[in-house]
Enquirer: 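Structure incoming, see below.
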Amino acid sequence: MRPPGLLVLAVLGLHLLAGHEVQRMQDGWRRDDTPPMPPRMAMEFTQAMTLSAPRPAARAPAPPPAPPAVSPAAVAHGNVPAGDTPAPAASAPDRAASEPAAARTLPAPTDATTEPALPVAPQSAASAASAAAPDEPGPGPEWPLSTRLSYQLTGHYRGPVSGQAQVEWMRKGKDYQVSLDVSVGPVSRRMLSQGTLTPQGIAPQRYDEETRVLLLDTRRSTVFFLGAEVQLATGVRERAAFGGQDAASQFVQLTWLFLTGREVLEPGRLVQFPLVLPRRQYAWQYEVLGEELLQTPMGPLATWHLKPTRVAVSGDLSADVWLAPALQYLPVRLLIRQDADTFIDLNLQAAPLQAAPESSDNPSRRSRP
């Protein structure tokens, strides 16, 4: 499957290249009470993927009614009434005067339009249960087998840089993990997302980043998804957006949307979802630019190019992605940018490896040493 490593890779790499990376770590991302990273799922990757015609999209079940949408600032700071319908939005002057200063620091969209609203997450166990089918069977064929992708990394940061990256998408029953490991010079980072698979797609429960820099202490940040709230790496709790993804899971969710036919790859198409990064939440949006033919170790490969519709701000990175329908919409290229002169280009290094079908569902299977 197209490991969510895509986005994860993108964010990972970009962060690694960012000149302020060390400073951000020293600014207190790590909290003394942060629990250790969870252990990785054990998995055997035994079979190389081959190119195939894109399989017909699975029939998507009718989605549950969408929760009411509110502004990102209201979501982040809990300014949403407990009822089913949010209060009428205040006028711009009134809102600016009534919101705390922090609420007005959310990144603004790059154009003059209003930033997409973030739908509010269910506020109780009862409302959350109503959003999913209680007797839903285990994950079906729309979820790719556990997959490992390896990438060659090149780029530029005060000069040419090179390295390697590996993404692993692992699932057992309804549980999943997405792991991304990146190495660029003296900096290495591991990103890990874990949670469950639901009728609405990926549901992250926890996201960890662990960064190591030569001669410096290891630093880590963790985001917890707590139902109606998210706890950011800073320890701050905010109202959660319905369907929120983390830096690693977002690309798996993206792939799943295309595999199931919930989204269509066509030029000009906009794909939106809430994105929860270690320091803030976003109403994120990708535009499908069109088809492109890429040269890969597997030969010429038809891909679709997706690009964020906004410019990254305050150190948050953005990434273009190229998805290959003939490889289950896996990301075969990621171009991560900080600015015009600082970027990383990740290209598929070899055919992806997948686990045997039973390995993705049987917890008793263990990886080779």
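Only this structure's heavy atoms are used, side chains among them; waters, hydrogens and symmetry mates stay out. Residue numbers count from 1 along this sequence.
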Enquirer: Please report the shortest heavy-atom distance between Tyr282 and Leu277, naming the atom on each side.
Expert: CE1-CD1, 3.7 Å

Enquirer: Are Met37 and Arg190 packed together at the side-chain level, in the sense that at least one heavy-atom pair is separated by less than 4.5 angstrom?
Expert: yes

Enquirer: Considering only heavy atoms from C-beta outward, does the side chain of Val223 approach that of Asp246 to under 4.5 Å?
Expert: no

Enquirer: When you look at Ile344 and Val161, which way does the side-chain contact (heavy atoms from CB on, under 4.5 Å) test go after all the steps?
Expert: CA-CA 8 Å; Ile344 317 181; Val161 297; 5.6 Å; no

Enquirer: Would you say that Leu192 contacts Val178 through its side chain, given a criterion of any heavy-atom pair below 4.5 Å between the two side chains?
Expert: no

Enquirer: Is there a side-chain contact between Tyr207 and Val276 (heavy atoms, below 4.5 Å)?
Expert: no

Enquirer: In terms of side-chain heavy atoms, does Arg189 have a donor or acceptor partner in Thr211 at a distance below 3.5 Å?
Expert: yes

Enquirer: First locate atom CD of Gln177, then atom OG of Ser146, and finally report the distance between them rounded to the nearest 0.5 Å.
Expert: 10.0 Å

Enquirer: Determine whether Trp322 and Glu292 satisfy the following criterion, side-chain contact (heavy atoms from CB on, under 4.5 Å), listing intermediate values before the conclusion.
Expert: CA-CA 8 Å; Trp322 284 258; Glu292 295 184 19; 2.9 Å; yes

Enquirer: Suppose the criterion is salt bridge (Lys or Arg N to Asp or Glu O under 4.0 Å): which pairs have a residue in residues 340-356, not counting sequence neighbours?
Expert: Arg333-Asp345

Enquirer: State which residue, out of Thr303, Leu257, Leu254, Leu259, fulfils the side chain to side chain contact (heavy atoms under 4.5 Å, CB included) condition with Tyr329.
Expert: Leu259

Enquirer: Heavy atoms only: give me the nearest Tyr151-Val167 pair and the separation to one decimal.
Expert: CE1-CG2, 4.1 Å

Enquirer: Test side chain to side chain donor-acceptor pair (under 3.5 Å) on Ser249 and Gln245 and set out the steps.
Expert: CA-CA 6 Å; Ser249 72; Gln245 302 298 315; 2.8 Å; yes

Enquirer: Quick one: CD on Glu168 to CG on Leu180, what's the gap to the nearest 0.5 Å?
Expert: 10.0 Å

Enquirer: Among the clusters formed by ILVMFWY side chains lying less than 4.5 Å apart, do Leu335 and Leu289 turn up in the same one?
Expert: no

Enquirer: So does Arg239 get a backbone contact from the side chain of Gln281, meaning a donor-acceptor N/O pair under 3.5 Å?
Expert: yes

Enquirer: Pairing donors with acceptors under 3.5 angstrom, does anything connect the side chains of Gln354 and Gln47?
Expert: no

Enquirer: For a quick test of reading the model, state the closest non-hydrogen atom pair linking Gly243 to Pro274 and the distance between them.
Expert: O-CD, 3.8 Å

Enquirer: Side chain of Gln152, backbone of Ser162: donor and acceptor closer than 3.5 Å?
Expert: no

Enquirer: Do you see a donor-acceptor pair shorter than 3.5 Å between the side chains of Thr309 and Glu287?
Expert: no

Enquirer: What are the two closest heavy atoms between Ser193 and Tyr176, and how far apart are they?
Expert: OG-OH, 2.8 Å

Enquirer: How long is the span from the CD atom in Glu209 to the CZ atom in Arg219, to the nearest 0.5 Å?
Expert: 14.0 Å

Enquirer: Would you give the length of the straight line joining atom CG of Leu265 to atom CG of Leu306, rounded to the nearest 0.5 angstrom?
Expert: 6.5 Å

Enquirer: Does Pro308 reach the side chain of Arg337, with side-chain heavy atoms less than 4.5 Å apart?
Expert: no

Enquirer: So how far is it from Met41 CE to Trp169 CH2, rounded to the nearest 0.5 Å?
Expert: 8.5 Å

Enquirer: Taking the side chain as every heavy atom from C-beta outward, state whether Gln194 and Asp175 have any atom pair closer than 4.5 Å.
Expert: no

Enquirer: Taking atom CD of Gln166 and atom OG of Ser179, what is their separation to the nearest 0.5 Å?
Expert: 8.0 Å

Enquirer: What verdict does the side-chain contact (heavy atoms from CB on, under 4.5 Å) test give for Val288 and Glu266, after you've listed the backbone C-alpha separation in whole Å, the side-chain angles of each residue and the deciding distance to 0.1 Å?
Expert: CA-CA 6 Å; Val288 180; Glu266 57 185 16; 5.9 Å; no

Enquirer: Checking Arg171 side chain against Trp143 main chain: does a donor-acceptor pair fall under 3.5 Å?
Expert: yes

Enquirer: Less than 4.5 Å apart, side chain to side chain, heavy atoms only: is that true for Gln164 and Ser150?
Expert: no

Enquirer: Only one of Leu327, Leu145, Leu353 forms a side chain to side chain contact (heavy atoms under 4.5 Å, CB included) with Met49, so which one is it?
Expert: Leu327

Enquirer: Which atoms form the tightest heavy-atom contact between Ile202 and Pro204, and what is the distance?
Expert: O-CD, 3.6 Å

Enquirer: Below 4.5 Å, heavy atoms only, C-beta onward: do Phe224 and Arg237 meet side chain to side chain?
Expert: no

Enquirer: If you compare all heavy atoms of Ala247 against all heavy atoms of Leu275, which two are closest, and at what distance to 0.1 Å?
Expert: N-CD1, 4.3 Å

